[in-house]
Number of protein chains: 2
Amino acid sequence: MQLELSVDRGSPVPLYFQLAQQLESAIEHGTLTPGTLLGNEIELAARLGLSRPTVRQAIQSLVDKGLLVRRRGVGTQVVHSKVRRPLELSSLYDDLESAGQRPTTTVLVNTMVAASAEVAAALGVTEGSEVHCIERLRSAHGEPIAYLCNYLPPGLLDLDTGQLEATGLYRLMRAAGITLHSARQTIGARAATAVEAERLRERTDAPLLTMQRVTFDDTGRAVEYGTHTYRPSRYSFEFQLLVRN
Amino acid sequence: MQLELSVDRGSPVPLYFQLAQQLESAIEHGTLTPGTLLGNEIELAARLGLSRPTVRQAIQSLVDKGLLVRRRGVGTQVVHSKVRRPLELSSLYDDLESAGQRPTTTVLVNTMVAASAEVAAALGVTEGSEVHCIERLRSAHGEPIAYLCNYLPPGLLDLDTGQLEATGLYRLMRAAGITLHSARQTIGARAATAVEAERLRERTDAPLLTMQRVTFDDTGRAVEYGTHTYRPSRYSFEFQLLVRN
DNA sequence: TAGTGGTCTAGACCACGGT
DNA sequence: CCGTGGTCTAGACCACTAG
């Protein structure tokens, strides 16, 4: 059986990307079954009228995604396991939405405050300088899921309460032209204080899942610091990750 | 100021890798300060006597690690933030060891059991078939940190209790020639049951951090399924991740 | 307009895995 | 031994960014 592959040289889409997309969708749709040898890059290149480096670039991008495995002296084959969701900088809003939960957000605080030592250190600003502070309660089906407290450096974004309630913070940042680059996260657990318990409709001392995160843009600026608490009965962190060999 | 760069063509180490290492250590040591332009791949190639694709390959590997950022029409520059620990398939043993904690492990169970429905589904074996079951308590400085319960398919590895107490499970798997490829993790929290509380020297209903994980090798086989519980006062998950743009 | 990275070609030789 | 992927070369043209 031969897989149908073709590239459109008139398209502005890079050739290696076109090929990668076709291979990926073939794997996705089961046309390329797990274990199949893709073998012979040189022959594949000839068949498509491409050079070998171009074909390699396409294959490499899928190897990086974990869909293919290369073995010297053997060939390139489709990975058996259903690797699907790679780890990415997850947005709670997007997570809930893609799970069909139709999240709602209530903005409880949206103001400027003087940066505490903790916030100043995380954002790389001087202690006591003004930063945005927003506190939000996120719910689904009328049940609270998480309490989100975020700090942002001034002048980066204008934080409209209406927009914050309609979508997630990350979407607003991307829409404002901020290119997210990396984030440092810590996930832990602790007992709920009385105040936290009331916000999330839990009892005092109930277990809570906690996450702190600092996000950086591609110039290295910290663009957001957040401390979040989640109801563990309603939310957990789930992700797939690839081993760096 | 010119950075000293050179490659050894007699070395078995690939040229692009030599260059990547030199750039990485220069960034690490602060010789290349954040924001510095590396610019002009063509000139850099000429200076080293390499071709441009080779230089690009070196640079690309550092971009993938999050150390460099490329901008069309501008150049390649060193990222400002201290991106250091990329997310990888973390081993609790290695985490503790690199934190200077000298972990100790007590193997409580090391036997074969019939796979429950949950274990069978995770490992992709038939329910009721025999699988390895190991339960371990990991401590540091005499304090329990985590309770680890793992299941492995039969015939993959021979699980020596002495080795399990001396090192981590992942190291044993790698040493046995298993190439780890990907893992699916879920991190959550819940209240400790009476049994769990006693194991970890917590009180009943104390918050616990939980993690379940299925690990796959490069042929797509599930090689390990684990359910772990951690004392949140002693351990949290910390990692850096890069955004896929 | 000039300079940068992004893409692409058509070859080449080597190292490793399996036969 | 042969076939595979791994590495490398010396060019080329294009798209985007800045000044």
Side chains of B:Ser116 and B:Tyr151: any donor to acceptor distance under 3.5 Å? no
Side-chain N,O (A:Thr54) to OP1/OP2 (C:dT9) below 4.0 Å: yes
Please assess A:Gln212 against A:Tyr225 for the test side-chain contact (heavy atoms from CB on, under 4.5 Å), listing each intermediate value before the final yes or no. CA-CA 7 Å; A:Gln212 287 115 268; A:Tyr225 171 59; 4.3 Å; yes
Just N and O in the side chain of A:Asn40: are any of them under 4.0 Å from OP1 or OP2 of D:dG3? no
May I ask you to verify if any side-chain N or O of B:Tyr16 is less than 4.0 angstrom from the OP1 or OP2 atom of D:dC8? no
Given the rule that a pair is Watson-Crick or G-U wobble with both distances under 3.5 Å, how would you write DNA chain D in dot-bracket, using | for pairs to a different strand? ||||||||||||||||||.
Would you find a donor on one side and an acceptor on the other, under 3.5 Å apart, between the side chain of A:Asp217 and the backbone of A:Val223? no
Which nucleotide sits closest to the side chain of B:Gln57: C:dT4, C:dC8, D:dT7? D:dT7
Any B:Thr76 side-chain nitrogen or oxygen under 4.0 Å from OP1 or OP2 of C:dG5: yes
Select one nucleotide: of D:dG5, D:dT7, D:dT9, the one nearest the side-chain heavy atoms of B:Pro14. D:dT7
Using a heavy-atom cut-off of 4.0 Å across all strands, would you classify A:Ile42 as base, sugar-phosphate, or nothing? nothing
With a non-hydrogen cut-off below 4.0 angstrom, is A:Arg52 in contact with a base, only sugar-phosphate, or nothing? base
Specify the residue among B:Pro53 and B:Ile59 whose closest nucleotide of DNA chain C lies further upstream toward the 5′ end. B:Ile59
Output yes when a side-chain donor or acceptor of A:Gln185 lies under 3.5 Å from a complementary backbone atom of A:Met211, and no otherwise. no
B:Gly75 vs A:Arg9, nearer the 5' end of DNA chain C by closest nucleotide: B:Gly75
Of the listed D:dA15, C:dT9, D:dC8, the closest approach to the B:Arg72 side chain comes from D:dA15
Hey, what do you get for CG (B:Leu50) to CG (B:Leu15), rounding to the nearest 0.5 Å? 5.5 Å
Would you say the side-chain atoms of A:Asn150 and A:Glu224 include a donor-acceptor pair closer than 3.5 Å? yes
Classify the side-chain pair A:Tyr16/A:Gln60 by whether it contains a donor and acceptor separated by less than 3.5 Å. no
Which nucleotide wins on minimum distance to the side chain of A:Arg56, given the candidates D:dC8, C:dC8, D:dG6? D:dG6
Remember a base hit wins even if backbone is also touched, and classify A:Pro12 as base, sugar-phosphate or nothing at under 4.0 Å, heavy atoms. nothing
A:Arg70 side-chain N/O to D:dG6 phosphate OP1/OP2 under 4.0 Å: yes
